[in-house]
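First comes the structure, then the notes that go with it.
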Amino acid sequence: MSKPPGPDDEQRYQAAISKDARFDGVFFIAVTSTGIYCRPSCPAITPKREHMRFYRTAAAAQESGFRACKRCRPDASPGSPEWNIRADLVGRAMRLIADGIVDREGVEGLASRLGYEQRQVRRLITGELGAGPLAIARAQRAQTARVLTETTTVPLSEIAFAAGFTSIRQFNSTIQEVFAVTPTQLREARARAARGRAARGGRRVGSRGKAEPPGRATLRRGTAACMRGVPGGSSPLEIAVRLPYRPPIDLERMLGFLAARAIPGVEAVEDGRYQRTLLLPNGTGILSVGAGDGYIDCELQLEDLRDLTAAVQRCRRLLDLDADPQAVTAALAASGPVLGPLALASPGRRVPGHVDGNELALRAVLGQQVSVAAARRLGARLVAAYGKPLERPEGTLTHCFPAAETLAAADPATLPMPRTRAAALTGLATALASGELSLDPGAERDRAEAQLLALPGIGPWTAAYIRMRALSDPDAFLPSDVGVLEALGRLGAVPAGVRSPAGRARAARAAAELADSWRPWRSYAVQHLWASIERENQS
């Protein structure tokens, strides 16, 4: 997909005047008279136009010598929806940087995954965004470090390396440069604020109704955390994180979608919270997400604190938190009478993503030509036989989903499924394990789809489903999907009740033609259609 048109400086200025929170994370406002940069919705008095500079990223503002506003916390804005929409090199690079690839593998690793030379990657990213990949990763490290410094008791020396810095000196200088205070001053300021709250009203009640002790209260805005445990201890680190998003959000439907597909041992939905195990770059983890007051309440258990950035970003992809639902709804509402009423009725509709592209792809193969319930049962048997057991199970969560390397080495004849599907599963696992096929956040979507279709046993439905959920493509469509055709049939957009293969093929072609008017949001259209069937079947 080509680069989408963004707001010009005049539109950015109008967004700043109106304090439009939809643009938080899309661009940043630097003020030359104060030397700070803010999010567009910052509650401070709007500066004069001649004192304002606009930047695409927080890193670019920092590179120009501006420090983050202490009032609006611009570094904790929701992510820009642009990076999921775009399929070019810059969009792919930004998704990989957000996942922490530069911290783990450097710019060399980023360039290798993108398939370009390092020099070209630096040139293209810097030319468009005003900051290179190292600077963007540095801004992300600073945000992670600030959160951990302000809201945990973990030693600062351990926070430095956990956030991705290579030395204590680099950590100290970056915090000083970005926030105009030292790490120690950050921690002391938060402690003083907590003592002040305690003096005024005692303990503050947390998002789940539990009293939070002074000094561990989460931040009021943005992404914040409180933690128990220390790195290297006998118990995993427990972190509570607030995940910002652009409202509205239909979290109830999202959790229902995930609950219907939850594999026992790996996932569970209880008391309005979705829980699951994670395979992360440095160890395993467990996440639990539910509704907060204007944010998503996310609790993480991590074996290694270095996985915090990756875990948070994967939660965001899972719940599609960087989307701009108002833009999606406006476009689909204007597309015509078929989808318009559905979009207007549910403006908070999101596209459920996934925390692991490889896992989603393998599960998509399990679900071919069977019901959702049958796919869950197959998944549970596969997890019991090949999944990685947790060292410390949490309730019903006992295993991580089998890694591609494990399934690639399995004998297809021993897998609990028909032989042809078992061969398709091991073939896909082999392609993933070897690196021949990549489904990481920066994967080239068209190329990945073509590679999937070239594998035995994987057809267009499976490839499109993987593209929609594993690769977070907002414009994937499944024209032959049973639910899509049923919903369109009930809406009178395609012939209803067609059973013959030829008739279904004609209906699928009609659905695909109709869906052209829903670009670039066809993944959201699929979710609206599926949700309409769910509602009618429940009524």
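The basis for the numbers below is simple: all heavy atoms, side chains too, and nothing from hydrogens, waters or symmetry mates. Please read these numbers as outputs of a predicted model, since none were measured by experiment.
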**Request:** Salt-bridge test for Glu108 and Arg122: reply yes if a basic N is under 4.0 Å from a carboxylate O, no otherwise.
**Result:** no
**Positive for side-chain contact (heavy atoms from CB on, under 4.5 Å) with Cys315, one of Ile296, Leu243, Val241, Leu321** = Leu243
**Request:** Walk me through it: do Val26 and Glu82 pass the test side chain to side chain contact (heavy atoms under 4.5 Å, CB included)?
**Result:** CA-CA 8 Å; Val26 175; Glu82 179 179 351; 5.6 Å; no
**Request:** Identify, with sequence neighbours excluded, every residue that meets salt bridge (Lys or Arg N to Asp or Glu O under 4.0 Å) alongside Asp75.
**Result:** Arg146
**Request:** Would you check if there is a donor-acceptor pair between the side chains of Asp20 and Ser18 at a distance under 3.5 Å?
**Result:** no
**Message:** Quick check for you: to the nearest 0.5 Å, what is the distance between Ile136 atom CD1 and Ile125 atom CD1?
**Reply:** 5.5 Å
**Asked** Between His354 and Arg276, is a side chain to side chain contact (heavy atoms under 4.5 Å, CB included) present by the stated rule, with each step listed?
**Response** CA-CA 11 Å; His354 209 273; Arg276 68 152 295 138; 3.6 Å; yes
**Request:** For the pair His528 and Leu339, evaluate side chain to side chain contact (heavy atoms under 4.5 Å, CB included) and give the outcome as yes or no after the intermediate values.
**Result:** CA-CA 8 Å; His528 279 295; Leu339 205 67; 4.1 Å; yes
**Prompt:** Going from CG on Leu124 to OH on Tyr116, what distance comes out if it is rounded to the nearest 0.5 angstrom?
**Reply:** 7.5 Å
**Request:** Taking all heavy atoms of Val31 and all of Phe66, pick out the closest pair and write down the distance.
**Result:** O-CE2, 3.5 Å
**Request:** For Lys19 and Cys42, indicate whether the former's side chain and the latter's backbone hold a donor-acceptor pair under 3.5 Å.
**Result:** yes
**Message:** Any carboxylate oxygen within less than 4.0 angstrom of a Lys/Arg side-chain nitrogen, looking at Arg104 and Asp99?
**Reply:** yes
**Item:** Charged tip of Arg253 within 45° of Phe257 ring normal and under 6.0 Å
**Value:** no
**Asked** Which heavy-atom pair separates Met254 from Leu318 by the least distance, and what is that distance?
**Response** SD-O, 4.1 Å
**Request:** Give me the ring orientation class for Phe477 and Trp518: parallel if the planes are under 30° apart, tilted from 30 to 60°, perpendicular past 60°.
**Result:** perpendicular
**Prompt:** Quick one: OG1 on Thr46 to CD1 on Ile29, what's the gap to the nearest 0.5 Å?
**Reply:** 7.5 Å
**Asked** Do Arg469 side-chain atoms and Leu360 backbone N/O form a donor-acceptor pair below 3.5 Å?
**Response** no
**Asked** Hey, is Arg273 close enough to Asp297 for a salt bridge, meaning N to O under 4.0 Å?
**Response** yes
**Request:** Output yes when a side-chain donor or acceptor of Ser472 lies under 3.5 Å from a complementary backbone atom of Met468, and no otherwise.
**Result:** no
**Sidechain-backbone polar pair: Ser438 side chain, Ala443 backbone, donor-acceptor under 3.5 Å** = no
**Asked** How far apart are the closest heavy atoms of Thr126 and Gly132, and which atoms are they?
**Response** OG1-CA, 3.2 Å
**Asked** How long is the span from the OH atom in Tyr37 to the CZ atom in Phe28, to the nearest 0.5 Å?
**Response** 7.0 Å
**Request:** Under the salt bridge (Lys or Arg N to Asp or Glu O under 4.0 Å) rule, collect the residues that match up with Arg187, sequence neighbours excluded.
**Result:** none
**Message:** Given 3.5 Å as the limit, does a donor-acceptor pair link the side chain of Thr57 with the main chain of Ala60, or not?
**Reply:** yes
**Message:** Rounded at 0.5 Å granularity, tell me how far OH in Tyr13 sits from CD1 in Ile17.
**Reply:** 4.0 Å
**Prompt:** Does a salt bridge link Asp103 with Arg141, judged by any charged N lying under 4.0 Å from a carboxylate O?
**Reply:** yes
**Request:** Go through the steps to decide whether Ser517 and Ser335 satisfy the test side chain to side chain donor-acceptor pair (under 3.5 Å), and finish with yes or no.
**Result:** CA-CA 6 Å; Ser517 64; Ser335 67; 4.9 Å; no
**Request:** Examine the side chains of Tyr524 and Asp320 and answer whether a donor and an acceptor come within less than 3.5 Å of each other.
**Result:** yes
**Asked** Are Asp24 and Arg39 close enough for a salt bridge, meaning some N to O gap below 4.0 Å?
**Response** yes
**Prompt:** Any sub-3.5 Å donor-acceptor pair from Ser288's side-chain atoms to Glu299's backbone N or O?
**Reply:** no
**Prompt:** Quick one: salt bridge (Lys or Arg N to Asp or Glu O under 4.0 Å) partners of Glu105, sequence neighbours excluded?
**Reply:** Arg113
**Complete:** Which of Arg246, Arg316, Arg317 passes salt bridge (charged side-chain N to carboxylate O under 4.0 Å, His left out) with Asp322? It is Arg316
**Trace of the salt bridge (Lys or Arg N to Asp or Glu O under 4.0 Å) decision for Arg123 with Glu117** = CA-CA 10 Å; Arg123 179 178 61 81; Glu117 294 290 335; over 6 Å; no
**Closest non-hydrogen atom pair between Ile168 and Ser157, with its separation** = CD1-CA, 3.5 Å
**Request:** Would you sort out whether Leu148 and Leu305 count as a side chain to side chain contact (heavy atoms under 4.5 Å, CB included), showing the intermediate values?
**Result:** CA-CA 10 Å; Leu148 295 176; Leu305 188 55; 4.2 Å; yes
**Request:** Taking all non-hydrogen atoms of both residues into account, name the closest pair between Thr149 and Pro183 and its distance.
**Result:** CG2-O, 3.3 Å
**Message:** As an exercise, state the distance from OG of Ser64 to CZ of Arg53, rounded to the nearest 0.5 Å.
**Reply:** 10.0 Å
**Asked** Taking it one step at a time, do Glu128 and Arg86 satisfy salt bridge (Lys or Arg N to Asp or Glu O under 4.0 Å)?
**Response** CA-CA 13 Å; Glu128 181 170 337; Arg86 290 176 58 169; 2.4 Å; yes
**Item:** Salt bridge present between Arg22 and Asp324 (N-O < 4.0 angstrom)
**Value:** no
**Asked** Between Arg12 and Phe27, is NZ or CZ placed under 6.0 angstrom from the six-membered ring centre and within 45° of the ring axis?
**Response** yes
**Salt-bridge contact Asp446-Arg467 (side-chain N to carboxylate O under 4.0 Å)** = yes
**Message:** Check Arg519 with Asp516, please: is the shortest side-chain N to carboxylate O separation under 4.0 Å?
**Reply:** yes
**Non-hydrogen atoms of Met94 and Leu129 that approach each other most closely** = SD-CD1, 3.6 Å
